[in-house]
Amino acid sequence: LIQLQKSGRYVIVSFGNHTMSHIPTGKTAMPIFFTIETEANYFLSRYVGKLSDTDLVHYYSKDFFGCGKWVPGANELVDLSQADLGQITAQGVEELITYRLSVFKASPIKAPVKVAVYATRDLGFGLARMYEALTDTSLEELMVFRSVEGAVTWLASPLPLDRTAN
């Protein structure tokens, strides 16, 4: 059972006996927050407020992959529920894909990683589906969800055997 609870300027996400870090809500100067969920073997990428094409690669390279927080092989939960993606273009999505593929190729990852995208708005859902279509040969197994519960449940499930073989 997954529970979402708003507490002032924060959202607390709980499932089972695991509670995610308090996640700030509202407008912020940093549009992508990263939280490691070590027990659940994934990291949370939470997009908040207005984002540009430049933000996509910048925050992943500077605040996550580039600073040693990332553990190769960890799955990812992308939360687009509070993101304003109106400035994101197809070129920006392609640049993010190119950057992430370069990181994965330089890492020891051999098996696919799961990326669950939680998108409540049509634009975020559509951009995530575009990303999914353009990464069909990468090590990312991506699924887009309208509910955070579905996304977290899918992250906890095993990949089909045909996607786990090298």
Side-chain angles (χ1 to χ4, degrees), residues 2 4-13 20-37 40-72 74-107 109 112-152 154-155:
I2 297 174
L4 300 174
Q5 177 184 7
K6 187 165 183 179
S7 174
R9 295 182 55 221
Y10 296 90
V11 173
I12 303 166
V13 180
M20 295 171 119
S21 302
H22 290 68
I23 304 168
T25 62
K27 201 159 184 96
T28 176
M30 188 170 126
I32 305 175
F33 294 90
F34 299 100
T35 305
I36 307 294
E37 299 300 332
N41 191 36
Y42 70 83
F43 65 93
L44 170 66
S45 304
R46 185 158 186 277
Y47 293 52
V48 178
K50 190 175 284 193
L51 283 102
S52 68
D53 286 346
T54 306
D55 291 332
L56 295 177
V57 172
H58 173 78
Y59 285 99
Y60 273 95
S61 64
K62 176 180 170 263
D63 294 327
F64 193 70
F65 292 122
C67 73
K69 293 179 185 178
W70 178 58
V71 176
N75 297 322
E76 179 179 11
L77 173 59
V78 178
D79 179 357
L80 301 178
S81 65
Q82 293 189 28
D84 176 353
L85 303 172
Q87 302 298 312
I88 303 298
T89 66
Q91 180 179 347
V93 172
E94 290 172 355
E95 289 172 3
L96 179 61
I97 291 168
T98 300
Y99 172 73
R100 287 176 62 108
L101 285 174
S102 72
V103 170
F104 290 150
K105 284 181 182 178
S107 77
I109 297 175
V113 295
K114 294 171 87 174
V115 179
V117 179
Y118 166 50
T120 56
R121 297 183 187 121
D122 290 342
L123 179 58
F125 195 90
L127 287 169
R129 294 292 304 216
M130 180 191 335
Y131 185 102
E132 177 182 20
L134 294 172
T135 59
D136 65 345
T137 60
S138 83
L139 286 174
E140 293 179 294
E141 179 73 19
L142 188 134
M143 293 283 292
V144 187
F145 298 87
R146 295 276 188 186
S147 75
V148 71
E149 296 87 359
V152 171
W154 180 75
L155 280 177

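Just the heavy atoms: all of them, side chains too, but no hydrogens, waters or symmetry mates, feed the values below. In this text, all values refer to a predicted model and were calculated from it rather than measured experimentally.
With sequence neighbours excluded, no residue forms a salt bridge (charged side-chain N to carboxylate O under 4.0 Å, His left out) with E95.
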Requested in this report: Could you walk me through whether L85 and L51 pass the side-chain contact (heavy atoms from CB on, under 4.5 Å) test, one step at a time?
Outcome: CA-CA 6 Å; L85 303 172; L51 283 102; 4.2 Å; yes
**Report entry** From CA spacing to verdict: side-chain contact (heavy atoms from CB on, under 4.5 Å), V115, N75
**Finding:** CA-CA 6 Å; V115 179; N75 297 322; over 6 Å; no
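Pairing each heavy atom of E76 with each of Y42, the nearest pair is N-CB, 4.1 Å. Closest approach of L96 and Y60 over heavy atoms only: CD1-CD1, 3.9 Å.
Side chain of R121 to main chain of A83: a donor-acceptor pair is present (N/O by atom type, distance under 3.5 Å, no hydrogens or angles).
A heavy-atom distance below 4.5 Å is found between the side chains of Y47 and L56. Looking only at side-chain heavy atoms (C-beta outward), Y131 and V117 stay at 4.5 Å or farther from each other. At a threshold of 4.5 Å between non-hydrogen side-chain atoms, the residues V148 and D79 do not count as touching.
Residue R129 places its CZ atom among 12 or fewer non-hydrogen atoms of other residues, nucleotides or ligands, all under 6.0 Å distant.
F64 pairs in a ring-ring contact (aromatic ring centres under 6.0 Å, His included) with only one of the listed residues (Y99, F43, Y59), which is F43.
A salt bridge links D122 with R146: the closest approach of a Lys/Arg side-chain nitrogen to an acidic carboxylate oxygen falls below 4.0 angstrom.
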